[in-house]
Amino acid sequence: MPTQISASAVTKSYAGRTVLDGVSCAFSAGERAGIVGENGSGKTTLLRLFTGQEKPDQGEIVVHAEGGVGHLAQEERLPPALTVQQVIDGALRELRDMEHRLRVLEAAISETDAAGRPSPNSRKAQGEYGELLTAFELRGGYEAEARVERALHGLGLGVLSRERTVGGLSGGERVRLRLAALLAASPEVLLLDEPTNHLDDAALRWLEDHLRTRRGTTVAVSHDRAFLERVATTLWEVDADRHQVVRYGNGYAGYLAEKAAARRRWAEAHERWRAEAERLRETAATTARRVAPGRAMKDGNKMAYDRAAGRVQQSVAGRVRNAEERLRRLLADPVPPSPVPLRFSAALSGSGLRGTVLDAENISVRGRLALTDLTVAAGERLLVTGPNGAGKSTLLDVLAGRAEPDTGRISRRGRIGHLSQEPESAAAAGVSLLHAYAQGRPGPVEEHAERLLSLGLFAAERLEVPVARLSTGQRQRLALARLVTEPVDVLLLDEPTNHLSPALVEELEEALEAYDGALVVVSHDRRLRQRWRGAHLALEGKAPLPLGAADDRSCP
């Protein structure tokens, strides 16, 4: 297949912070590619480079797309005065301009001279008409209006009046309207940044089916593992630490399989390194002991005996030096052990902790959390769901003791660990990653390096990087590292799959499966929710706002 999008040795930095460093990649025509990686790794930057909205500091971006490039950006804002119909008209403007030009050319083609023969203008118009008609048909120009209807209905906007203004729509409706208009325009290349945000299950299924069957190339940045599994034929991972992009074939399953294989290869390489180091140590030690033991003097010729002994000792010394030099080089370039799997441990495992560990009755927070009751027993699992603004994060803050309820009572037993939706960094501003990890823990800071490195969440060269220079995903890895290395009896996790790479999310889920303490999780992650085995609390209502407060919350 011909290459449609390519990046060659592309480097991009912002305010001295490198995001992409010498990245090269290529996307084939018709490819359905998923771009994955933790938040802040450079996924959105890569899409903006492909659209031309950003220019690389170094390197080259080439895009071949005669049928146009469409881009769904995360932060794009539609003018609030526009109507739904005007948004759709704007997306279809290019197709409608092509259709209008075809009508003009058709009229020109019918022109004749005085003798009834095609005029020169007619012959010229015929050539342009053929090329334009081919492009129009390839773009599905005649089906544009039908695509508008299918996209609006598929994304849950079928009953939306075309006269409604954008300012009167919820945040989720605005995103879905932009997506519907983009899909109706049917560009040859689709660049989508988190397209599954704000979609319900029915809309998600429709979008996945549409992308699987559409002609053209699709490149989608996504953290939605279920979406990637259904849609992507290839995955490209943006590495936040090395600022590189790595390709994985065979979709999401191939990505996970190659990640697992890479860890096995790492473990095997370490074992070979360790075995070779041990062999060289043994070779140096045993060779040094072998100085012609028990060798008898012949013919009483002491001088000859001594000369031979000297040669033997020189040979032995040379072999010892050779082995020691090879050992020195080997130890200078060590292969570290492969990371240990993430594991959460309960502080009071085996201590007999039983019964209720969290008990909340009639708790509420004005404007943030409606009246809520819950009870969580030791070892129990609870999934909390609900629309934006229902108070899920507030509930976890109250359970963790980080916020006080305005009404009700709450009791807690055991040690509580809390992973916030947004990683905290203000307290660690200017402090190195290692210092932030060791904060509040006994012993010198340097003593904690080995434990942190054993998790495989950071390379050794990252330990002295200031927390202020870490990406959002890297800060979340830091918070996760602190959480898994402190035993707790109750884990409160607020959107734990946010900000992290899919491979790390899979490992996190395995760690949660093995955890025997109480677990409360807030998550919108479809794959996590599908696999959930435990109780479920759905927060549905919005809390009353204080008198005079404006409600600017929206939910999809």
Side-chain angles (χ1 to χ4, degrees), residues 39-40 43-44 47-48 53 70-91 148 151-185 190-208 210 220-224 227 365 367-370 384-395 420-422 472 494-495 497-499 522-526 529 538-546 549-556:
N39 281 22
K43 306 186 300 297
T44 293
L47 282 196
R48 290 174 64 84
Q53 292 173 279
H71 179 213
L72 180 75
Q74 279 198 70
E75 304 303 325
E76 183 181 351
R77 294 288 183 267
L78 293 171
L82 287 182
T83 66
V84 170
Q85 185 62 51
Q86 286 172 327
V87 172
I88 293 169
D89 290 342
V148 169
L152 289 174
H153 281 83
L155 296 174
L157 300 175
V159 297
L160 200 63
S161 168
R162 299 288 183 94
E163 302 309 312
R164 284 275 299 275
T165 61
V166 169
L169 304 180
S170 72
E173 287 173 330
R174 293 173 203 167
V175 173
R176 284 180 282 154
L177 175 59
R178 287 197 292 117
L179 179 57
L182 178 62
L183 297 179
L190 266 180
L191 303 174
L192 308 176
D193 199 349
E194 299 293 359
T196 63
N197 288 354
H198 303 286
L199 302 186
D200 60 19
D201 288 345
L204 283 167
R205 285 193 296 272
W206 181 88
L207 176 62
E208 289 164 351
H210 176 81
V221 168
S222 183
H223 66 281
D224 187 328
F227 171 84
V365 177
R368 295 167 59 193
L369 176 65
V384 182
T385 62
N388 292 348
K392 303 184 296 297
S393 295
T394 301
L395 174 62
S420 299
Q421 185 173 161
E422 294 298 327
T472 306
D494 193 354
E495 299 290 2
T497 64
N498 282 4
H499 310 304
V522 167
S523 183
H524 68 281
D525 187 299
R526 281 191 291 164
R529 290 160 66 169
L539 299 182
E540 298 178 355
K542 293 181 179 179
L545 289 165
D551 186 356
D552 62 353
R553 297 168 297 184
S554 65
C555 73

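Index from 1, following the sequence.
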Please test Phe227 against Arg526 for side-chain contact (heavy atoms from CB on, under 4.5 Å), starting from the C-alpha separation and ending with a verdict. CA-CA 9 Å; Phe227 171 84; Arg526 281 191 291 164; 3.6 Å; yes
To the closest 0.5 Å, what do you measure between CG (Leu199) and CD (Glu194)? 11.0 Å
Trace of the side-chain contact (heavy atoms from CB on, under 4.5 Å) decision for Leu78 with Leu169: CA-CA 11 Å; Leu78 293 171; Leu169 304 180; over 6 Å; no
His499: partners by ring-ring contact (aromatic ring centres under 6.0 Å, His included), with sequence neighbours left out: none
All heavy atoms of Ser222 vs all of Thr196, minimum pair found to be OG-OG1, 4.4 Å
Grab the two heavy atoms, one from Pro387 and one from Glu540, that are nearest each other, plus how far apart they are. CG-O, 4.1 Å
Test side-chain hydrogen bond (donor to acceptor under 3.5 Å, both in side chains) applied to Asn39 and Thr472, step by step: CA-CA 6 Å; Asn39 281 22; Thr472 306; 5.7 Å; no
Can you tell me how far the CG atom of Leu177 sits from the CG atom of Leu182, to the nearest 0.5 Å? 11.0 Å
Look up atom NE2 in His153 and atom CG in Leu160, then write down how far apart they are to the nearest 0.5 Å. 10.5 Å
For the student: nearest non-hydrogen atoms of Gln74 and Asn197, plus distance: OE1-ND2, 4.1 Å
Taking every non-hydrogen atom, the tightest pair across Pro195 and Val221: CD-O, 3.4 Å
Which atoms form the tightest heavy-atom contact between Glu76 and His71, and what is the distance? OE1-O, 4.4 Å
Using the side-chain contact (heavy atoms from CB on, under 4.5 Å) rule, take Leu395 and Val522 through it: C-alpha gap first, then chi angles, then the decisive distance, then the call. CA-CA 10 Å; Leu395 174 62; Val522 167; over 6 Å; no
Does Glu173 use its side chain to pair, donor to acceptor, with the backbone of Leu157 at less than 3.5 Å? no
Using 0.5 Å steps for rounding, measure from the CG atom of Asp193 to the CZ atom of Arg48. 9.5 Å
Atom pair OG1/CG of Thr385 and Asp525 - distance to nearest 0.5 Å: 13.0 Å
Would you check, one step at a time, whether the test side-chain contact (heavy atoms from CB on, under 4.5 Å) holds for His524 with Asn498? CA-CA 9 Å; His524 68 281; Asn498 282 4; 3.2 Å; yes
Salt bridge (charged side-chain N to carboxylate O under 4.0 Å, His left out) contacts in which one or both residues fall within residues 152-172, not counting sequence neighbours: Glu149-Arg162
With a 3.5 Å distance limit and no angle check, can you tell me whether Arg178 reaches the backbone of Leu72 through a side-chain donor-acceptor pair? no
Tell me whether Lys392 contacts the main-chain N or O of Ala538 through its side chain, where contact means a donor paired with an acceptor under 3.5 Å. no
Option from Leu190, Val148, Leu152 for which side-chain contact (heavy atoms from CB on, under 4.5 Å) with Leu183 holds: Leu190
Spatial distance of atom NE2 (His198) from atom OG (Ser170) [nearest 0.5 Å]: 8.5 Å
Tell me the closest heavy-atom pair linking Leu539 and Ala390, and the distance in Å. O-CB, 3.6 Å
